[in-house]
Amino acid sequence: MLFRALILLIVISSSVHAKNTLTYKEFGHLPMIELPSVSPSGKHVAAVFNSDNGPAVVLSDFGKNDITTLVQLKKSRDRIEDIYWVNDTRLLVIASYSEKIVNRYFRFSRIFSINTDGTELRELVVKSPKELAPWEKRAMGDIDLVSLLEDDPQHVLLQTFDVRDEANVVYKINVYTGDYEKLFANTYNVHSWVADENDNVVFGYGTEHAQSDVSTIWYRKDDKSEWQLLHKRKAFSGETFSPITVVNGKLYVMTDYQTGRQSLWLYDIATASYEKMLYGHDKYDLEGVLYNSKRSKVVGVYYYEHFRKNHYLEDENNQLSTLVKNTFKGFHTSIYTWSDDRKQMLVSAQKDNSPGKFFWLDLAKKAGGVWFSQYPYLENQPLANVLPINFKAEDGVDLTGYLTLPNTSSSKKPPLIVWPHGGPIGVRDYMYFDPYVQFFSNKGYAVLQVNYRGSGGFGSNFEASGHLEWGKKMQQDVYAGVDWVLSKDLVDSSKMCFAGYSYGGYAALTAAFQQPGKYDCIISIAGISDLYTLATTDYKWKGGIRAHIVNTIGDPTNEQVEAELKSLSAINNLDKIKAPILLLHGTHDTQVRTKQSSEFYEQAKSKGVDVKYVEYKWGTHYLDEQENRLDAFSQIESFLAEHLD
């Protein structure tokens with residue numbers, strides 16, 4: 001009760017005063033604070049601060065709202081991917097930037113270390129013994145953390161490409177001097193190495209060879225033992241098998257074995273058999289594991305219903321989770337980060353109609369308070385509730401989704417915006433506060449989100465049912481959601497816009513020619529207009545990428561599939577399109593090539609289609625540069641007002 005009363009008092013007293021009118025600026029800002037991490041001792045919190053000047057790493061005393069900038073990254077160019085504590089006074093910062101290799105943009109990683117007083121900033125770099133070919137430069141752009149070395153406060157284990165092995169190898173790097181040593185040669189074509197609870201690199205996973213779609217798992221008992229092949233799996237066959245860590249000679253593995261849902265199992269390495277399931281949900285896939293503060297031990301798992309749910313493997317941690325839940329009633333909470341002794345923690349608090357925010361909680365002092373909201377200008381605003389919905393597809397498949405109706409006193413039914421998620425495979429919508437959804441709703445529009453077949457989180461069979469269904473059953477599922485909403489007579493059926501991001505942009509452009517008279521406008525953000533070109537472009541990359549294309553989109557070398565992919569592409573159906581279209585795309589998109597929008601625009605314009613195209617310099621797939629994001633929201637606001645109001 002002490003915690004709850006204190007938190008409620010602080011929330012009320014610190015709320016931002018409500019404004020009469022909200023604009024695209026309040027919704028279009030990037031989250032102010034991201035990726036917070038509590039120091040091992042619990043004295044400090046490091047985080048990413050997104051400002052008009054670009055992303056920065058900032059530091060604050062635990063329980064305080066004053067922040068100090070440690071390092072400011074280049075505006076537009078850099079993105080901070082994660083922050084880790086090496087020790088109580090030294091941080092590891094993983095950043096990335098995009099660069100063109102030959103004719104395509106790729107993301108390149110950079111890893112820095114810095115003291116908490118802002119001194120001794122150092123980039124941790126493994127030097128190449130020779131000038132790199134383009135593909136080698138691309139490979140060396142992937143740098144990943146393997147271990148924070150719990151008992152060694154001066155070193156970490158990183159993996160990156162080694163031109164001599166032509167594969168990823170593990171280096172032990174001094175975070176103060178930058179000196180490094182290669183731990184062992186990689187002659188197994190392993191792509192990712194993983195350490196056990198004692199920080200020994202004991203297993204890795206990769207492929208049989210560089211162009212293979214057969215994944216391999218390698219294991220050794222300790223750093224003095226020989227590597228042994230543990231497991232093989234051809235892509236898209238058999239149960240999934242994703243190793244997590246080794247504990248006492250047993251493997252923790254995420255797999256859909258027996259249950260058809262991603263669950264955490266204990267795998268006996270000696271007998272090559274599953275020993276027991278450590279945790280699985282009877283309805284949802286597990287999304288990942290929870291680590292201790294040093295990432296040396298798995299302490300739990302998490303999954304999503306409408307909101308995230310954490311489950312810990314030890315009762316003591318589940319009791320802490322329950323304490324947090326009871327302290328912050330009215331919020332959907334999870335422990336986001338904590339100190340080594342678990343006394344100081346930051347809690348992520350979520351609602352459907354309120355921005356995500358972080359609370360601090362000090363169990364030693366029995367105190368707590370608000371740290372930061374991710375969207376402070378939207379605090380204490382009358383935002384809309386997100387309603388979970390259930391309906392059936394045309395062929396009877398059970399589907400779920402969300403409907404958000406605007407807060408308005410008007411007796412008029414609101415226009416509808418159809419907003420399917422991207423991905424498509426393995427991604428889903430949630431009930432969380434979403435700045436796009438709330439922006440649409442604030443402007444007076446209803447918003448429909450559908451977890452069409454192929455969406456993640458609902459089991460392997462549901463995800464697999466979306467394979468090879470671009471523009472077909474996945475698309476029909478979204479149409480079924482629209483028909484369900486219209487049957488409830490909640491929206492104005494004469495005013496509808498189909499909009500989406502990435503795959504959602506593909507779905508929007510597809511609706512433009514499959515149902516040309518139904519929608520008053522179409523919005524595609526980083527969307528796909530030419531499915532055949534998408535497939536053929538990535539098909540040339542042998543191995544896992546090719547297997548993904550063939551099994552989820554279709555084999556473009558098959559004449560029948562080629563014809564179908566072309567028929568399911570908006571760029572080949574321009575004569576059927578009637579609704580005006582807004583295209584938004586970033587020039588530095590590493591996931592969907594900008595040509596998917598620019599070439600569609602040129603051909604659509606020549607055919608007389610009412611189309612507008614905005615291309616963003618430095619724009620990523622997610623438009624996560626502040627000015628780009630703000631302009632995108634402004635463009636969307638004007639376009640919707642023109643065609644729906």
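Any value given below was found using the heavy atoms of this structure, including those in side chains, with hydrogens, waters and symmetry copies removed. Keep in mind that this is a model prediction, so the values were computed, not measured.
- With no hydrogens or angles considered, a side-chain donor-acceptor pair links Glu81 and Ser96 at under 3.5 Å.
- Here the closest heavy-atom approach between residue Val190 and residue Ala167 is recorded as O-CB, 4.5 Å.
- Of the charged side-chain nitrogens involved, none lies within less than 4.0 Å of a carboxylate oxygen, so that Arg629 and Glu627 do not count as a salt-bridged pair.
- The heavy-atom pair separating Cys497 from Leu640 by the smallest distance is SG-CD2, 3.8 Å.
- Contact annotation: the side chain of His621 approaches that of Ser502 to within less than 4.5 Å [non-hydrogen atoms, C-beta and beyond].
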- Query: What's the verdict on salt bridge (charged side-chain N to carboxylate O under 4.0 Å, His left out) for Arg77 and Glu625, showing C-alpha distance, side-chain angles and the deciding distance?
  - Reply: CA-CA 8 Å; Arg77 182 177 185 268; Glu625 194 276 337; over 6 Å; no

- Task: Start with the C-alpha distance between Asp483 and Lys518, add both sets of side-chain angles, then the distance that settles salt bridge (charged side-chain N to carboxylate O under 4.0 Å, His left out), and finish with yes or no.
- Result: CA-CA 11 Å; Asp483 292 340; Lys518 194 162 187 174; 3.0 Å; yes

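- For the pair Val126 and Ile173, the minimum side-chain heavy-atom distance is below 4.5 Å.
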- Query: Can Ile83 and Leu92 be said to form a side-chain contact (heavy atoms from CB on, under 4.5 Å), step by step?
  - Reply: CA-CA 6 Å; Ile83 300 173; Leu92 200 68; over 6 Å; no

- Task: Walk me through it: do Ser529 and Gln603 pass the test side-chain contact (heavy atoms from CB on, under 4.5 Å)?
- Result: CA-CA 11 Å; Ser529 65; Gln603 293 191 37; over 6 Å; no

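- For Tyr519 and Phe498, the ring centers are positioned less than 6.0 Å apart.
- Using a 30° and 60° split on the angle between ring planes, Tyr430 and Tyr304 fall in the tilted class, from 30° to 60°.
- Evaluated for a ring pair (Phe, Tyr, Trp, His ring centres under 6.0 Å) with Trp227, the options Phe184, Trp218, Tyr219 yield exactly one hit, Phe184.
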- Taking it one step at a time, do His191 and Thr207 satisfy side chain to side chain donor-acceptor pair (under 3.5 Å)? CA-CA 8 Å; His191 307 320; Thr207 54; 3.2 Å; yes

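- The aromatic rings of Tyr284 and His281 sit tilted, their planes meeting at an angle between 30° and 60°.
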- Step-by-step salt bridge (charged side-chain N to carboxylate O under 4.0 Å, His left out) determination, Arg110 to Glu123: CA-CA 7 Å; Arg110 303 173 73 194; Glu123 183 173 4; 3.4 Å; yes

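- Taking 4.0 Å as the cut-off between side-chain N and carboxylate O, Asp395 and Arg453 count as a salt-bridged pair.
- Between Glu305 and Lys283 no salt bridge is recorded (no basic side-chain N to carboxylate O distance below 4.0 Å).
- To the nearest 0.5 Å, atoms CH2 (Trp470) and OG1 (Thr552) are separated by 7.0 Å.
- Look at Glu99 and Lys137 and you find a salt bridge, because one of the NZ, NE, NH1 or NH2 atoms lies within 4.0 Å of a carboxylate O, short of that distance.
- The local environment of CG in Asn461 is sparse, with at most 12 non-hydrogen atoms from other residues, nucleotides or ligands closer than 6.0 Å.
- For the atom pair CG (Leu286) and CG (Leu264), the distance works out to 7.0 Å, reported to the nearest 0.5 Å.
- The minimum heavy-atom distance linking Ser98 with Thr590 is given by the pair CB-CG2, 4.2 Å.
- Environment of CD in Glu615: crowded, with over 12 heavy atoms of neighbouring residues, nucleotides or ligands closer than 6.0 Å.
- Considering only heavy atoms from C-beta on, Thr536 stays 4.5 Å or farther from Lys540 through its side chain.
- Side chains of Ile522 and Leu582 form no contact here, defined as non-hydrogen atoms less than 4.5 Å apart.
- Residue Lys130 qualifies as enclosed at atom NZ: its count of foreign heavy atoms under 6.0 Å is above 12.
- Arg79 has a carboxylate O that lies under 4.0 Å from a charged side-chain N of Asp624, or vice versa, which qualifies the two as a salt bridge.
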- List the steps, then state whether side-chain contact (heavy atoms from CB on, under 4.5 Å) holds for Tyr506 with Leu531. CA-CA 9 Å; Tyr506 166 79; Leu531 194 54; 3.7 Å; yes

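- Classification of the His548-Phe236 ring pair by plane angle, with boundaries at 30° and 60°, yields tilted.
- Taking the charged nitrogens against the carboxylate oxygens, Arg261 and Asp285 have no contact shorter than 4.0 Å, which rules out a salt bridge.
- Under 3.5 Å, the side chains of Gln514 and Lys576 contain no donor-acceptor pair of N or O atoms.
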- Message: If you apply the rule ring-ring contact (aromatic ring centres under 6.0 Å, His included), what do you find for His588 with Tyr97, and how did you get there?
- Response: CA-CA 9 Å; His588 284 241; Tyr97 65 97; 9.8 Å; no

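- In terms of heavy atoms, Asp520 sits closest to His643 at CB-O, 3.9 Å.
- Using a 30° and 60° split on the angle between ring planes, Phe241 and Tyr274 fall in the perpendicular class, above 60°.
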- Task: Verify side chain to side chain donor-acceptor pair (under 3.5 Å) between Asn50 and Glu34, making sure each step is shown before the conclusion.
- Result: CA-CA 8 Å; Asn50 290 311; Glu34 294 182 292; 2.8 Å; yes

- Before giving the answer on side chain to side chain donor-acceptor pair (under 3.5 Å), spell out for Asp434 and Tyr432 the whole-Å C-alpha distance, their side-chain angles and the decisive distance to 0.1 Å. CA-CA 6 Å; Asp434 182 305; Tyr432 285 106; over 6 Å; no

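- Between Trp193 and Tyr205, the ring center distance fails the sub-6.0 Å criterion.
- The pair Asp538-Arg546 does not count as a salt bridge, with every side-chain nitrogen at least 4.0 angstrom from each carboxylate oxygen.
- A heavy-atom distance below 4.5 Å is not found between the side chains of Lys392 and Val397.
- With respect to the salt-bridge test (charged N to carboxylate O, under 4.0 angstrom), the residues Asp575 and Lys607 do not qualify.
- Within a 6.0 Å sphere centred on NZ of Lys472, other residues, nucleotides and ligands contribute more than 12 heavy atoms.
- Here the closest non-hydrogen pair linking Leu509 and Phe513 is O-CD2, 3.5 Å.
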- Just do the salt bridge (charged side-chain N to carboxylate O under 4.0 Å, His left out) check on Lys182 and Asp165 with the steps written out, would you? CA-CA 11 Å; Lys182 179 178 174 179; Asp165 291 0; 3.0 Å; yes

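- Tyr532 has its side chain out of reach of Thr537: every pair of non-hydrogen atoms, C-beta onward, lies at least 4.5 Å apart.
- Ring geometry, Tyr452 versus His421: the interplanar angle falls under 30°, so the pair is classed parallel (tilted spans 30 to 60°).
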- Task: Could you walk me through whether Lys612 and Gln635 pass the side chain to side chain donor-acceptor pair (under 3.5 Å) test, one step at a time?
- Result: CA-CA 10 Å; Lys612 180 179 181 180; Gln635 295 285 347; 2.8 Å; yes

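- Residues Leu568 and Thr510 have side chains not in contact (no heavy-atom distance under 4.5 Å, counting atoms from C-beta outward).
- Scanning both residues, Asn573 and Ser567, for their nearest heavy atoms gives ND2-O, 3.2 Å.
- Aromatic pair Tyr436/Phe439: ring centres not closer than 6.0 Å.
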- Could you check Phe161 against Leu132 for side-chain contact (heavy atoms from CB on, under 4.5 Å), going step by step and ending with a plain yes or no? CA-CA 11 Å; Phe161 186 79; Leu132 299 174; over 6 Å; no

